Participant: 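This is the structure, below, for whatever I ask next.
Here is the naming used below: chain letters follow the sequence lines, and residue numbers restart at 1 for every chain. These values consider heavy atoms only, across backbone and side chains, with no hydrogens, waters or symmetry-generated copies. Because the structure is a prediction, the values reported are computed rather than measured.
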Protein chains: 2
Amino acid sequence: MTGPTEPRTRSRRSVERPPVTAAMIVEAATALTAEGGLEGWSTRQLAGELEVWPRVIYHHVGDRDAVADAVADRVVGRIRVPEPGLPWRQWFEELLLGGREVLRGYRGVARRLVRTGPILPSALAIMDRGVLVLRDAGFADGATAAYRYLTNSAYLLVAVEDDRAEHLPDARARLAVTLAAHRDDPEHSGLAEVGRAVMGRGADDPGAIRAVEEEFYAYTVARSLDGVGMLLGDRA
Amino acid sequence: MTGPTEPRTRSRRSVERPPVTAAMIVEAATALTAEGGLEGWSTRQLAGELEVWPRVIYHHVGDRDAVADAVADRVVGRIRVPEPGLPWRQWFEELLLGGREVLRGYRGVARRLVRTGPILPSALAIMDRGVLVLRDAGFADGATAAYRYLTNSAYLLVAVEDDRAEHLPDARARLAVTLAAHRDDPEHSGLAEVGRAVMGRGADDPGAIRAVEEEFYAYTVARSLDGVGMLLGDRA
DNA sequence: ACCTGAACACCGTTCAAGT
DNA sequence: ACCTGAACACCGTTCAAGT
């Protein structure tokens with residue numbers, strides 16, 4: 001109903017401010033993503049942030065999907081590509097542990113990264129290096145599959161972490177209650193096992209939760225590296 | 001504006017039809033999910049399908065999230081739990097390959113399954129058996145982590161397959177073009193590697209695409225089983 | 001208890017002009 | 001070329017009654 005600016009001096013933006021550019025739109029969208037995730041803002045909010053009408057977004061960048069792709073590309077571009085020459089296992093440990101730090105700051109980008117893959121130019125650049133690292137390590141024809149497997153494993157786990165943070169802040173509590181109900185239940189001794197494993201940690205303290213998440217992420221990366229490592233005959 | 005029925009005889013549902021129940025709502029939502037995925041229907045469409053006003057959904061089941069949870073629980077309940085007594089590796093191969101068949105019929109459920117985990121009663125029942133299988137195989141305290149890792153690896157991959165089917169029907173073509181541009185590019189020899197791997201397959205034919213997806217899913221399951229297997233000292 | 005209408009506060013996207 | 005207004009066709013959810 002009312003325009004995007006509030007004092008409504010009508011020509012305020014066009015007179016007092018530089019014209020909006022595509023870069024400014026992506027910049028603002030990236031900031032909104034840092035706050036509420038890639039699905040946490042609307043095109044209308046983004047337009048409001050820049051004090052323009054929604055139509056301007058379409059003019060400079062495109063629809064919501066195009067803006068989201070641009071944000072994802074920017075964020076993935078911040079992932080540091082490890083030094084070439086490192087042993088393949090260490091190269092991927094650095095990429096995947098470092099990548100998580102970047103991606104978790106922009107919820108929803110991990111999911112999009114895995115979905116679109118090397119369609120994002122920044123993801124393509126990383127893949128280029130990673131496949132070479134694996135080829136040099138002796139994976140031969142299997143380098144592409146191994147690369148997809150390793151990055152999928154890790155970044156998909158980041159995507160679930162994002163999902164849980166976004167949708168179910170109380171899910172841990174619900175789960176704890178469910179599992180506690182089966183603790184010492186002889187009919188479901190598998191669940192009792194899980195219950196003991198989950199309850200042992202301080203499930204209340206957010207710091208402890210983060211530590212458990214990080215531990216499971218490291219576990220995931222390690223198991224996946226072990227899994228592809230066996231293709232080389234690495235039986236360490 | 002107009003009511004949910006079209007002939008608009010106003011009392012049609014209440015006179016000619018049995019009252020709507022929670023089970024009917026979940027049934028209809030499951031059918032809509034089979035058609036367009038878990039995010040592919042709205043509460044208003046669901047109400048329209050049952051020829052009632054949207055408010056009725058809330059009365060019997062709850063909000064959109066509650067309906068989606070109920071659908072996910074129903075779908076996960078259709079996953080066949082393998083025989084106990086199978087070797088652990090074979091038990092998980094059957095669970096994860098069979099689970100994919102069920103989940104792919106209801107796009108979006110895999111993502112929700114991984115996000116909510118054993119909060120879904122049907123997922124809890126499977127976890128109960130799976131953790132026991134791993135404990136009996138000798139994983140001891142590591143059974144819970146191994147269970148989460150194995151099911152995450154597999155079902156998260158199903159979730160991306162769903163995502164790609166839903167959001168980017170033309171993504172394969174875009175990727176093929178991107179990679180083809182770097183084929184035989186000496187500056188990006190890693191990408192050339194990928195290009196050769198991707199182009200080798202008939203990327204046009206949908207049957208070939210499905211076969212490639214299935215092959216990568218089997219690869220993922222195998223590598224993840226290898227990865228946790230190393231924890232047992234399985235160096236086959 | 002179950003359902004009807006209608007409303008509230010949003011979406012993404014597009015049309016048709018304006019400067 | 002860039003931006004304004006306004007509209008179109010949707011959302012999920014809730015209010016206030018009706019039977």
Side-chain angles (χ1 to χ4, degrees), chain A residues 1-26 28-29 32-33 36-71 108 112 166-167, chain B residues 1-26 28-29 32-33 36-71 108 112 166-167:
Chain A
M1 304 297 154
T2 79
T5 68
E6 228 10 282
R8 283 297 334 273
T9 30
R10 198 191 168 298
S11 56
R12 197 178 151 206
R13 159 154 284 287
S14 47
V15 171
E16 295 176 19
R17 310 222 184 173
V20 170
T21 62
M24 285 167 67
I25 291 169
V26 176
L32 286 175
T33 300
L38 202 52
E39 312 304 323
W41 49 264
S42 66
T43 54
R44 297 171 107 106
Q45 278 171 27
L46 176 56
E49 206 76 18
L50 294 160
E51 298 185 9
V52 294
W53 291 84
R55 187 66 186 75
V56 177
I57 308 293
Y58 288 79
H59 187 267
H60 288 286
V61 182
D63 62 14
R64 202 194 182 288
D65 214 55
V67 179
D69 268 343
V71 169
R112 206 177 185 89
E166 218 141 315
H167 292 283
Chain B
M1 305 296 157
T2 80
T5 68
E6 227 11 281
R8 283 297 332 277
T9 30
R10 197 191 169 301
S11 55
R12 196 178 152 207
R13 158 154 286 288
S14 47
V15 171
E16 295 176 20
R17 310 222 184 170
V20 169
T21 62
M24 286 167 66
I25 292 168
V26 176
L32 286 175
T33 300
L38 202 52
E39 312 302 324
W41 50 264
S42 67
T43 53
R44 297 172 108 105
Q45 278 171 26
L46 177 56
E49 205 76 20
L50 294 159
E51 298 185 10
V52 294
W53 289 84
R55 187 66 185 74
V56 175
I57 309 292
Y58 288 77
H59 185 267
H60 288 286
V61 181
D63 63 14
R64 201 194 183 287
D65 215 54
V67 179
D69 267 344
V71 169
R112 205 177 186 89
E166 219 141 316
H167 292 282

Participant: Expressed as a whole number of Å, how far does the C1' atom of D/dA7 sit from that of C/dC11?
Facilitator: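 The answer is 14 Å between these two C1' atoms.
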
Participant: Supply the atom-to-atom distance B/T33 OG1 to B/L46 CG, rounded to the nearest 0.5 angstrom.
Facilitator: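 Atom-to-atom, B/T33:OG1 and B/L46:CG are 8.5 Å apart.
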
Participant: Is any side-chain heavy atom of A/T43 closer than 4.5 Å to a side-chain heavy atom of A/V67?
Facilitator: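 Sidechains of A/V67 and A/T43: no contact.
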
Participant: Test side-chain contact (heavy atoms from CB on, under 4.5 Å) on A/D65 and A/R112 and set out the steps.
Facilitator: CA-CA 10 Å; A/D65 214 55; A/R112 206 177 185 89; 2.8 Å; yes

Participant: Please identify each residue that fulfils side-chain contact (heavy atoms from CB on, under 4.5 Å) with A/A70, with sequence neighbours left out.
Facilitator: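 Once residues adjacent in sequence are excluded, the partners of A/A70 under the side-chain contact (heavy atoms from CB on, under 4.5 Å) criterion are A/V26.
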
Participant: Mind listing the closest non-hydrogen atom pair of B/A29 and B/W41 along with its distance?
Facilitator: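 Smallest interatomic distance, heavy atoms only, reads O-NE1, 3.8 Å.
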
Participant: Taking only residues two or more places apart in sequence, or in another chain, which ones meet B/E49 in a side-chain contact (heavy atoms from CB on, under 4.5 Å)?
Facilitator: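 Checked B/E49 against side-chain contact (heavy atoms from CB on, under 4.5 Å); matches are B/L32.
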
Participant: From CD of B/E39 over to C1' of C/dC11, roughly how many Å is that when rounded to an integer?
Facilitator: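 The distance from CD of B/E39 to C1' of C/dC11 comes to 15 Å, rounded to the nearest Å.
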
Participant: I want to check one thing: is the phosphate of D/dC10, taken as OP1 and OP2, less than 4.0 Å away from some side-chain N or O of B/S42?
Facilitator: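 No, B/S42 has no side-chain N/O under 4.0 Å of OP1/OP2 on D/dC10.
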
Participant: What residues, two or more places apart in sequence or in another chain, satisfy side-chain contact (heavy atoms from CB on, under 4.5 Å) together with A/A22?
Facilitator: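 For A/A22, the residues satisfying side-chain contact (heavy atoms from CB on, under 4.5 Å) (neighbours in sequence not counted) are A/H60, A/V61.
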
Participant: In this structure, how many angstroms lie between the P atom of C/dC11 and the CD1 atom of A/I57, rounded?
Facilitator: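 My rounded result for the distance is 13 Å.
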
Participant: CG of B/D69 to CG of B/L38: how many Å apart, nearest 0.5 Å?
Facilitator: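 Spacing of CG (B/D69) from CG (B/L38) equals 9.0 Å.
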
Participant: Counting only side-chain N and O atoms of B/H59, is one of them less than 4.0 Å from OP1 or OP2 of C/dT4?
Facilitator: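 B/H59 to C/dT4 OP1/OP2: no side-chain N or O under 4.0 Å.
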
Participant: Whole Å only: how far is the CE atom of A/M24 from the P atom of D/dC2?
Facilitator: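 From A/M24 CE to D/dC2 P: 13 Å.
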
Participant: Whole-Å distance between D/dC2 P and A/L50 CG?
Facilitator: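 Interatomic distance, CG of A/L50 to P of D/dC2: 15 Å.
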
Participant: Under 3.5 Å for both pairing distances: what stems, at least three Watson-Crick or G-U pairs long, include DNA chain D?
Facilitator: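 Correct response: C:4-8 with D:12-16, C:12-16 with D:4-8.
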
Participant: In whole angstroms, how far is the P atom of D/dC8 from the CH2 atom of A/W53?
Facilitator: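 A/W53 atom CH2 is separated from D/dC8 atom P by 16 Å.
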
Participant: From the list C/dG5, D/dC11, C/dC11, which nucleotide is the closest neighbour of the side chain of B/Q45?
Facilitator: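 In terms of side-chain proximity for B/Q45, the closest of C/dG5, D/dC11, C/dC11 is D/dC11.
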
Participant: Quick one: which protein N/O atoms are closer than 3.5 Å to N/O atoms of nucleotides 13-17 of chain D? Pair and distance per line, please.
Facilitator:
from, atom 1, to, atom 2, distance (Å)
D/dT13, OP2, B/Y58, OH, 2.5
D/dT13, OP2, B/R64, N, 2.9
D/dT13, O5', B/Y58, OH, 2.9
D/dC15, N4, B/R55, NE, 3.1

Participant: Minimum heavy-atom separation for A/P54 to A/R44, with atom names?
Facilitator: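 What the structure gives for the nearest pair is CG-CG, 4.3 Å.
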
